[in-house]
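In what follows, a single structure is set out as structure tokens and then discussed.
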Amino acid sequence: MPAGASLTNPPSPRPQRLFFALWPDKEAARALHHAGRELQAACGGRLTRLATVHLTLVFLGEVAPEKIPRLERAAASVREEAFSINFNRYGWWKHNRIVWAMPEETPPPLRRLVQGLETALEQAGISCDKRPYVPHVTLLRKAERRPQGEGLPGAAWAAREFVLVRSVLDREGAAYEVIGRWSLREEAESQSASS
Ligand code: 2AM
């Protein structure tokens, strides 16, 4: 038993690193992973694994496990329509050496989804990253040179649900586990809800 712990007063479970995200279908994941591989040839760096390609919506950071039910209720209160995104811009951030894919234009339902989640979390008393939202899929980390992304095809992605993800660091980088999922409304459903 670790020093300081006792049977009558067990140590509280460890905080978990969590974030809300969109997870791509197989085709979109493959297209983005392929783009990452092409870009890697020119700019080096570490390629995001196919299984971990994702779009972060809201980053929560370390969350105490007892807050998770509240977090889930907040997520369930967010109602947004399904939408599609076309990741057709490739570029990098020099300061953190990330090579990314972005949509040329952010779809309004994506922006509303992020704002809806942030508001629901705030009302539930759960803090999250407050920096302005920049939708991006990280394709490479520790890139050595600026990418030349011209001529690469875009990747279309149909978002039908959002997920809550736990991130655990392992020897290969971050391993992600989906611990909750919520559907976005299909068009017919959105129309009948708004009429
Ligand atoms: P990144 O790919 O740009 O690093 C899991 O770490 C996910 O959360 C990644 O998509 C990562 O974005 C994002 N993330 C990590 N730390 C973050 C932070 N402090 N603020 C916002 N997003 C963060």
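Numbers for residues simply follow the sequence, beginning at 1. Bear in mind the structure is a predicted one, so any value in this text is a computation, not a measurement. Both counts, for ligands and for their atoms, begin at 1 and track the order of listing.
- Counting only heavy atoms of the protein, atom 3 (O) of ligand 1 lies nearest to His136 NE2, 2.6 Å.
- Two residues are said to be in side-chain contact when any heavy atoms from C-beta on lie closer than 4.5 Å; Glu80 and Phe162 fail this criterion.
- No part of Trp100 comes within 4.0 Å of ligand 1, judged by heavy-atom distances.
- Within the 4.5 Å cutoff, the side chain of Leu50 has heavy atoms near those of the Arg30 side chain.
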One pair to check against side chain to side chain contact (heavy atoms under 4.5 Å, CB included): Trp23 and Glu161. What are the steps and the verdict? CA-CA 8 Å; Trp23 224 259; Glu161 63 172 18; 5.7 Å; no
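- When heavy-atom distances to ligand 1 are checked against a 4.0 Å cut-off, Asn96 has no atom that comes that close, whether in backbone or side chain.
- Taking distance alone, with nitrogen or oxygen atoms compared against 3.5 Å, Trp93 stays at or beyond that limit from ligand 1.
- At a cut-off of 3.5 Å, with distance as the only test, a side-chain donor of Thr56 or His54 sits close to an acceptor on the other residue.
- The pair Glu186-Arg160 meets the salt-bridge criterion, with a side-chain N (NZ, NE, NH1 or NH2) lying under 4.0 Å from an Asp/Glu carboxylate O.
- The ligand atoms of ligand 1 that sit less than 4.0 angstrom from a heavy atom of Phe19 are 5 (C).
- For atom 14 (N) of ligand 1, the nearest non-hydrogen atom from the set Phe59, Phe20, Tyr176 belongs to Phe59.
- Looking only at heavy atoms of the protein, atom 4 (O) of ligand 1 is closest to Arg141 NH1, 3.1 Å.
- Between Tyr176 and Phe19, the ring planes are perpendicular. Angles over 60° get that label, and only those under 30° would be called parallel.
- The closest protein non-hydrogen atom to atom 11 (C) of ligand 1 is Thr56 OG1, 4.2 Å.
- The side-chain contact (heavy atoms from CB on, under 4.5 Å) test with Arg141 singles out one residue from Ile98, Asn96, Leu47, and that residue is Ile98.
- The option from Leu139, Val165, Thr138, Val134 that lies nearest to atom 1 (P) of ligand 1, judged by heavy atoms, is Thr138.
- Numbered from 1 in the order shown, with element, the atoms of ligand 1 that lie under 4.0 Å from a heavy atom of Arg131 read 18 (C), 19 (N), 20 (N), 21 (C).
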